Amino acid sequence: MTGCAVPHPQPVHDSQQTEGLVYAAIGKTASVNGPRVTPLALLEDSRCPPSVRCVWAGQVRVQVRIDLGSGSYTAELKQGVPIPVADGTLELVTVGPGPADGGIKPKAYRFGFRFMGGL
């Protein structure tokens, strides 16, 4: 029955860097190629579960603390929308796990960030 085996994706751990992204859970700090980012709170997860037909795909918004050499501040990140940070941009690129019918516990979330520095 080896031909029926389906590979399962490996879990992503905090501060792990995969494919240019750095991951962090709520309350955990990750260094994202310069800035240090700490997800503080999940503000919205309106992604459409796979078993539902949706008119709108939904979005994820998270409140983060951004620590730079010059100080720290809080900001809201929306998945796929980069914001200016220091000499570049910070983006929430991916959110796991995927959308679920029954909801996801906040501590199960892993947020994948990317910082694109300036010249």
Side-chain angles (χ1 to χ4, degrees):
M1 300 280 302
T2 58
C4 295
V6 177
H8 295 285
Q10 294 298 314
V12 175
H13 302 287
D14 297 333
S15 297
Q16 177 181 352
Q17 187 164 3
T18 305
E19 297 177 11
L21 302 179
V22 178
Y23 292 86
I26 291 178
K28 303 291 183 180
T29 302
S31 180
V32 186
N33 297 326
R36 293 174 48 84
V37 179
T38 307
L40 300 174
L42 178 69
L43 302 174
E44 176 183 357
D45 183 354
S46 59
R47 297 175 294 168
C48 186
S51 64
V52 178
R53 276 186 105 169
C54 298
V55 176
W56 181 55
Q59 66 182 8
V60 174
R61 295 182 308 123
V62 64
Q63 181 182 35
V64 299
R65 184 181 68 235
I66 301 169
D67 297 307
L68 303 167
S70 59
S72 63
Y73 62 95
T74 59
E76 179 183 310
L77 287 174
K78 190 183 307 182
Q79 186 176 4
V81 180
I83 63 167
V85 170
D87 63 343
T89 59
L90 178 67
E91 181 179 359
L92 171 60
V93 177
T94 186
V95 178
D101 292 320
I104 303 166
K105 296 195 183 301
K107 64 181 170 181
Y109 280 90
R110 294 297 178 271
F111 304 96
F113 300 100
R114 177 181 321 151
F115 178 72
M116 300 295 286
L119 299 174

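We use all heavy atoms of the structure for the numbers below, so side chains are in, but hydrogens, waters and symmetry mates are not. In what follows, residues are counted from 1 in the order of the sequence shown. Just so it is clear, the model here is predicted, and its values are computed rather than measured.
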Please report the closest heavy-atom contact between [X] and [Y], naming both atoms and the distance.
{"X": "Ile104", "Y": "Gly98", "answer": "CD1-O, 3.3 Å"}
{"X": "Pro39", "Y": "Val62", "answer": "CB-CG2, 4.2 Å"}
{"X": "Ile66", "Y": "Pro35", "answer": "CG2-CB, 4.2 Å"}

Not counting sequence neighbours, list each pair that qualifies as a disulfide (SG to SG under 2.5 Å) and has a residue in residues 57-100. none

With sequence neighbours excluded, give me every disulfide (SG to SG under 2.5 Å) pair touching residues 49-95.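 Only Cys48-Cys54 qualify under disulfide (SG to SG under 2.5 Å).
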
Transitively linked via ILVMFWY side-chain contacts under 4.5 Å: Ile26 with Leu43? no

Linked, directly or transitively: Leu40 and Phe115 (ILVMFWY side chains, under 4.5 Å):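 Looking at the clustering, Phe115 is in a separate group from Leu40.
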
Using a 3.5 Å cut-off and no angle test, enumerate the donor-acceptor pairs between side-chain atoms of residues 74-85 and protein atoms at least two apart in sequence or in another chain.
from  : atom 1 : to    : atom 2 : distance (Å)
Glu76 : OE1    : Arg61 : NH1    : 3.1
Glu76 : OE2    : Arg61 : NH1    : 2.9
Gln79 : NE2    : Val93 : O      : 3.2

CG of Asn33 to CZ of Arg114: how many Å apart, nearest 0.5 Å? 10.0 Å

From NZ (Lys105) to CG (Leu42), nearest 0.5 Å: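 Interatomic distance, Lys105 NZ to Leu42 CG, rounded to 0.5 Å: 13.5 Å.
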
Backbone N or O of Pro50 within a donor-acceptor pair of the Arg53 side chain at under 3.5 Å?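 Checked: no pair found.
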
Apply side-chain contact (heavy atoms from CB on, under 4.5 Å) to residues Leu92 and Phe113 and explain how you reach the verdict. CA-CA 5 Å; Leu92 171 60; Phe113 300 100; 4.0 Å; yes

Phe111: which residues meet the ring pair (Phe, Tyr, Trp, His ring centres under 6.0 Å) condition with it, sequence neighbours left out? Tyr109

What pairs with Thr38 under side chain to side chain donor-acceptor pair (under 3.5 Å), at least two apart in sequence or on another chain?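 Only Thr29, Arg65 meet the side chain to side chain donor-acceptor pair (under 3.5 Å) criterion with Thr38.
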
With side-chain contact (heavy atoms from CB on, under 4.5 Å) as the test, would you mind laying out the steps for Gln59 and Glu44 before giving the verdict? CA-CA 7 Å; Gln59 66 182 8; Glu44 176 183 357; 2.9 Å; yes

